[in-house]
Number of protein chains: 2
Amino acid sequence: MAYRETGKVREHKAAQRELLLATGEALVREGGFAALTVQALAARAGMGVGTVYRYFRAKDELATEVFRRATEREVAAVAAALAGQPDAVASLRAAIGCFARRALRAPRLAWGLIAEPVDPAVDAERLRYRAAYAELFEQVIAAGLRAGELPPQPTRLAAAALVGALAEALVGPLADHQADEPVIHELTLFCLRATGARLAEQENDHDQTDGFAPGRARGHA
Amino acid sequence: MAYRETGKVREHKAAQRELLLATGEALVREGGFAALTVQALAARAGMGVGTVYRYFRAKDELATEVFRRATEREVAAVAAALAGQPDAVASLRAAIGCFARRALRAPRLAWGLIAEPVDPAVDAERLRYRAAYAELFEQVIAAGLRAGELPPQPTRLAAAALVGALAEALVGPLADHQADEPVIHELTLFCLRATGARLAEQENDHDQTDGFAPGRARGHA
DNA sequence: CATAGGGCTGAATCGTGATTCACTTGGCCA
DNA sequence: TGGCCAAGTGAATCACGATTCAGCCCTATG
């Protein structure tokens, strides 16, 4: 007998796979999924093209995995922002603010997750991504309905429309890229009005629960 | 001397070009811009691949032209629906209804114009398309502001968010594809609330100005 | 009808990026 | 150390659609 996979090797393989996924996300953050080519990935990760295929059956699989991870992180952040909010309006504010800040901070990634055209395989994942967001918003709206905070409305439709409004205003081609906070503030008001929340007309919008540490640099596209 | 382009030939060339554009749009209506390949186009139009290049310098040019025409028709329809509306709320209702009905009637096309990833050349055109829509909505909102019908808000942002909400709810992956009219009705309410329109709470939403003849078949995706 | 100047054709070519594979390298055990 | 096996390599190959072009065909004149 001459060879058996040892712990060190196993660790190394896991690290390689991890490296590929991290590098893949970095590429996506810089240039969207279009920039995620096997050649570029291998070069950036410091390995040969063929090696990539030792860790992923096909590029689809890799891209899907990169998408899924980023997705899960984003959705989890929004879900976390929702936790413990006292009412539906506060929840909506928190969710919108969280979504918006993260999207504005990583616009290419957000665009990749939300809108960029990629393969069918990734598109299937995107469906789940949007659905997950819509689900979050839907539940908040439903809760608001039950509590009488929001007027009757089809929750699914409203949730979809919210996601669309946020996406378009933030990462769509119409995004103005002005100072972030005022945009977020106005967009929040827009969404709250859309769902029929009764606004107190004084907007103390000091919620910043977005899962990020407060100070950091961010480049504009 | 032996040949000079005669009227008949000129007409034929114009017809050929027209045929290509129309066929191109048909392909897009069926399968989005992804289905608009030179091969498919030539086959469908009943001519050789090379002939296509006699009428268009490159595929980009053709795709852009197909996009532009469809775009102009859509935007014109919405603009027409706006004409002569008494106030901002009526205008919003008309614009939203028109946009929505047309999008639901030709979902693939709408998706192609709004969201499908295509070449950079076409994307530039898309920018103009969205901007044109946003422009329409923006002006309505601005008028509403001046008239005191709508509360203060950044018109550009609100317009973008409206376009996004409509697009996502109607042609996005979250679209539910239920009966059209109820969806349009609810979406209209959503948008009116979003812009802060004071709703009379009785919704007589009998506006159907969408530029189409009333009865026709439409397939669900 | 003969001839000239396009128009039309579609197989061949190109470009771009994914995928393969014959080979080299390095870790594991006796 | 020697032998074995998996990991790594990257040039070659594929796939797919845009683009070209050498040759065929049609229309308009004299």
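Quick note: numbers below take in every heavy atom, side chains included, and nothing from hydrogens, waters or symmetry partners. Below, read A as the first sequence line, B as the second, and so on, with proteins coming before strands; counting in each chain starts at 1.
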Choose from [options] the nucleotide whose nearest atom is closest to any side-chain atom of [X].
X: B:Val38; options: D:dA18, D:dA7, C:dG7; value: D:dA18
X: A:Gln16; options: D:dG8, D:dT20, D:dG10; value: D:dG8
X: A:Thr37; options: C:dT19, C:dA18, D:dG8; value: C:dA18
X: A:Met47; options: C:dT19, D:dG8, D:dT9; value: D:dT9
X: A:Tyr55; options: C:dT19, D:dG8, C:dC8; value: D:dG8

Starting at atom [atom1] of [X], determine the distance to atom [atom2] of [N], rounded to an integer number of angstrom.
X: A:Arg57; N: C:dA18; atom1: CZ; atom2: C1'; value: 16 Å
X: B:Phe56; N: C:dC8; atom1: CZ; atom2: C1'; value: 16 Å
X: B:Leu19; N: C:dC8; atom1: CG; atom2: C1'; value: 14 Å
X: A:His12; N: D:dA7; atom1: NE2; atom2: P; value: 10 Å
X: A:Leu41; N: D:dG8; atom1: CG; atom2: P; value: 13 Å
X: A:Tyr53; N: C:dG17; atom1: OH; atom2: P; value: 13 Å
X: A:Lys59; N: C:dA18; atom1: NZ; atom2: P; value: 4 Å
X: A:Gln39; N: D:dA11; atom1: CD; atom2: C1'; value: 10 Å

Cationic N near anionic O, under 4.0 Å, [X] to [Y]:
X: A:Glu186; Y: B:Arg156; result: no
X: B:Glu74; Y: B:Arg102; result: yes
X: B:Glu18; Y: B:Lys13; result: no

Pick the closest DNA chain C nucleotide for A:Leu36 and for A:Thr51 by heavy atoms, then say which residue is nearer the 5' end. A:Leu36
Would one find a side-chain N or O of A:Arg54 under 4.0 angstrom from OP1 or OP2 of D:dG8? no
When we call it a touch if two heavy atoms are under 4.0 Å apart, what does A:Ala42 touch: a base, just sugar-phosphate, or nothing? nothing
Enumerate the salt bridge (Lys or Arg N to Asp or Glu O under 4.0 Å) contacts for residues 35-47 of chain B, please, sequence neighbours excluded, ordered by first and then second residue. B:Glu30-B:Arg44
Check the pair A:Arg130, A:Glu125 against salt bridge (charged side-chain N to carboxylate O under 4.0 Å, His left out), reporting the backbone distance first and the verdict last. CA-CA 9 Å; A:Arg130 291 197 174 213; A:Glu125 206 55 38; over 6 Å; no
